[in-house]
Amino acid sequence: MTLFFHDTLTRRKVPFVPLDPAHVRLYACGPTVYDHAHIGNARPVVVFDVLYRLLRHHYPRVTYVRNITDIDDKINARAAESGQDIRELTETTARDFQRDMAAIGSLPPDREPRATEHVVEMISMIEALLAREHAYAADGHVLFSVQSMPEYGALSRLDREQLIDGARVDVAPYKRDPADFVLWKPSAAGTPGWDSPWGFGRPGWHIECSAMSHAYLGKTFDIHAGGIDLVFPHHENEIAQTRCAFGTHAMASVWMHNGFVTVEGEKMSKSLGNFYTVHDLLADWPGEAIRYALLAAQYRAPLDYGRRGLAEARSALDRLYQALRPTGTVEPTTPSEPVLEALGDDLNTPLALAGLHRQASALNRADTDAERREIAGELRASGLLLGLLQSDPEAWFQAGATTGPDEAGIRRLIHARNEARAARDFATADRIRDQLRADGIALEDGADGTSWKRLS
RNA sequence: GGCCCGGUGGCAGAGUGGUGAUGCAGAGGACUGCAAAUCCUUGUACGUCGGUUCGAUUCCGGCCCGGGCCUCCA
């Protein structure tokens, strides 16, 4: 089946044709590690994790590269203000990031390169740009010459005049053209930096992704992904650097960008301070609900994130796990056709989730155990593509609150209640149930006995 | 100012030129000692004004409203 993805460069949904069907190559821009990831940072991780899972389902080999930006002036500033060692700050933050992303069900990428480990490649790329006269050195800086590339601006559809008119920063005096951007800049002694042909300094922001994507995926690869706010300048400049350094016609075949997460209609961002960190959300919500809520809207649409959406996500997962409950932990078999089609149509995750619910309905209606096991296997396989429904259903319902009675105590009370019920002493039975309810435990009397859930 | 997204029922959110996804919430019924869970039934939604059409929520245009980008940003 042909997959379709929306390509930012052409603003169209295009059929996906891998450059090499035997090896699909995907790059996504990763975090700058100076602070906990917020839910806006998590969205591309989760969305493109689904993309990665889908590609792996359809192709024999996929290489997914997601960088970690550990060279950045914000990192330096944070380290300076907290008195922390830069390396320690970036290592800790990177580890927290990986832990948080795993907690919301995302697979690790195949490669997770760090900018600090690729400065040599960045320098040689800058040298290539200088040799081809797409860049110039001035005043300890090396700048990319935007005028040397006629197609500059194609991704963001901005032309040079607009860039200059709209610029929010002062134009540095060493720039030949106000639109030129930095490839290398000098570092003061005692601040982070590397020796280079242009003196002690550090790379500009964009060059790291050009260097690292080239190092692991080559001069041209299949898909480059990231948040929509990276279209300009980051991806525009990556394209300029990579194409001009290698003389290619494209950096990636398809450019995919996720919409941002909003809070009460406004963009969530660190600069506005209106963000939820994944770390904090995990204290109150299952990671799977955090993930589900991120997949509840199509990835290009804005997503308003908050308690309501999280509560809905948890209810929806309750329903899906409830359907899986009678069959326990059956192995995933084959994802359902509607789910595959939904995901293959530009990652239509809300439609795919609807497919999961339809499967759950069918499962709830199934008459025989064999039928139940078959549908459950398919439902789990469909869920696997979305990174959902891989837990033991009982564990899903019984996880959560650490207060209240323990499992043995609950079982004892259920036993006592069932004895009362058998004796038709419903007053006692109801008292026990009410007491458990007050402790956050809900009972369900089924054909095979009484099961319980924690309410949170 | 330039460029780009959106406006769908109580809420979230798909989709389509002509039998009104999906979930949550609501109503009725079945099941149950009573519940819960589940199943069945139930909702005259597509910002606005025009145009095209036999027919538009779906295509085209104007307008209104919301949001984003224009070198911090996922």
Side-chain angles (χ1 to χ4, degrees), chain A residues 8 11 28-32 37-48 72-74 77 146 153 156-159 161-169 171 178-182 204-206 225-234 236-237 257-262 265-272 275 292-293 296-298 300-304 308-309 311-320 322-323 325-326 338 342 345 348-358 360-361 363-365 397 421 424-427 429-430 433-434 437 442-447 450-453:
Chain A
T8 306
R11 309 278 150 104
C29 289
T32 301
H38 62 62
I39 200 69
N41 303 119
R43 187 178 195 192
V45 174
V46 167
V47 161
F48 299 122
D72 184 275
D73 289 355
K74 287 193 294 292
V146 164
S156 54
R157 310 215 164 168
L158 295 170
D159 67 31
E161 301 304 319
Q162 293 164 358
L163 296 182
I164 296 164
D165 289 349
R168 289 176 295 189
V169 295
V171 176
D180 292 349
F181 59 91
V182 168
W205 171 32
H206 318 294
I228 194 164
D229 47 1
L230 294 182
V231 169
F232 189 87
H234 188 53
E236 194 74 73
N237 291 353
H257 293 96
N258 63 277
F260 26 66
V261 177
T262 58
E266 212 175 27
K267 182 183 173 188
M268 177 184 295
S269 75
K270 288 190 179 166
S271 42
L272 290 173
F275 57 88
Y292 190 109
Q298 209 267 351
R300 289 190 287 121
L303 171 63
D304 209 59
R308 262 209 325 273
E312 271 203 25
R314 186 164 52 198
S315 300
L317 284 163
D318 279 345
R319 174 174 142 78
L320 297 173
Q322 180 73 35
R325 223 169 174 187
D345 184 15
N348 192 337
T349 53
L351 192 58
L353 293 172
L356 257 39
H357 282 284
R358 282 176 181 276
S361 297
L363 188 47
N364 287 331
R365 276 193 302 261
F397 287 115
R421 287 173 70 212
R424 304 197 66 77
D425 176 6
F426 296 119
D430 290 351
R433 186 171 62 194
D434 291 346
R437 181 97 195 173
L443 299 188
E444 294 174 10
D445 299 324
T450 302
S451 59
W452 61 277
K453 297 174 177 177

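We use all heavy atoms of the structure for the numbers below, so side chains are in, but hydrogens, waters and symmetry mates are not. Reminder, nothing fancy here: chain letters follow the sequence lines and each chain counts from 1.
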Chemist: Would one find a side-chain N or O of A/N348 under 4.0 angstrom from OP1 or OP2 of B/G15?
Modeler: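 Looking at the OP1 and OP2 atoms of B/G15, one of them is under 4.0 Å from a side-chain N or O of A/N348.
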Chemist: Test of understanding: with side chain to side chain contact (heavy atoms under 4.5 Å, CB included), list the residues that count as partners of A/V182, not counting sequence neighbours.
Modeler: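 With sequence neighbours excluded, A/V182 shows a side chain to side chain contact (heavy atoms under 4.5 Å, CB included) to A/H141, A/L143, A/K185, given in chain and number order.
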Chemist: Contact class for A/V182 vs. all strands (heavy atom < 4.0 Å): base, sugar-phosphate, or nothing?
Modeler: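 No contact at all - A/V182 keeps every heavy atom at 4.0 Å or more from the nucleic acid.
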Chemist: Side-chain donor or acceptor of A/R11 under 3.5 Å from a matching atom on the base of B/C4?
Modeler: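 Result: no qualifying N/O pair found.
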Chemist: Less than 3.5 Å between a donor and an acceptor, one on the side chain of A/K267 and one on the base of B/C73, is that the case here?
Modeler: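 Donor-acceptor pair under 3.5 Å: yes.
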Chemist: For A/N364, which residues count as a side chain to side chain contact (heavy atoms under 4.5 Å, CB included) partner, sequence neighbours excluded?
Modeler: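 Scan of A/N364 (side chain to side chain contact (heavy atoms under 4.5 Å, CB included), adjacent residues dropped) gives A/R319, A/A323.
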Chemist: Report the secondary structure of RNA chain B in dot-bracket form, marking unpaired bases with a dot and bases paired to a different strand with |, and treating Watson-Crick or G-U pairs with both distances under 3.5 Å as paired.
Modeler: (((((((..(((.....[...))).(((((.......)))))....(((((..]....))))))))))))....
Chemist: Would you kindly check whether a donor in the side chain of A/D229 faces an acceptor in the base of B/G68, or vice versa, at under 3.5 angstrom?
Modeler: no
Chemist: Set out, line by line, the N/O atom pairs under 3.5 Å between protein and nucleotides 11-13 of chain B.
Modeler:
unit_1	atom_1	unit_2	atom_2	d
B/C11	O2	A/E312	OE2	3.4

Chemist: In whole angstrom, what separates A/F232's CZ from B/U71's P?
Modeler: 6 Å
Chemist: Listed by chain and number, what are the ring-ring contact (aromatic ring centres under 6.0 Å, His included) partners of A/W205, not counting sequence neighbours?
Modeler: A/H234
Chemist: Atom pairs under 3.5 Å, N or O on each side, protein against nucleotides 36-38 of chain B: can you list them with distances?
Modeler:
unit_1	atom_1	unit_2	atom_2	d
B/A36	N1	A/D445	O	3.3
B/A37	O2'	A/Q322	NE2	2.7
B/U38	O3'	A/N364	ND2	3.1

Chemist: What is the nucleic acid contact for A/R358, judged by heavy atoms within less than 4.0 Å: base, sugar-phosphate only, or nothing?
Modeler: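 A/R358: backbone/sugar contact only, no base atoms under 4.0 Å.
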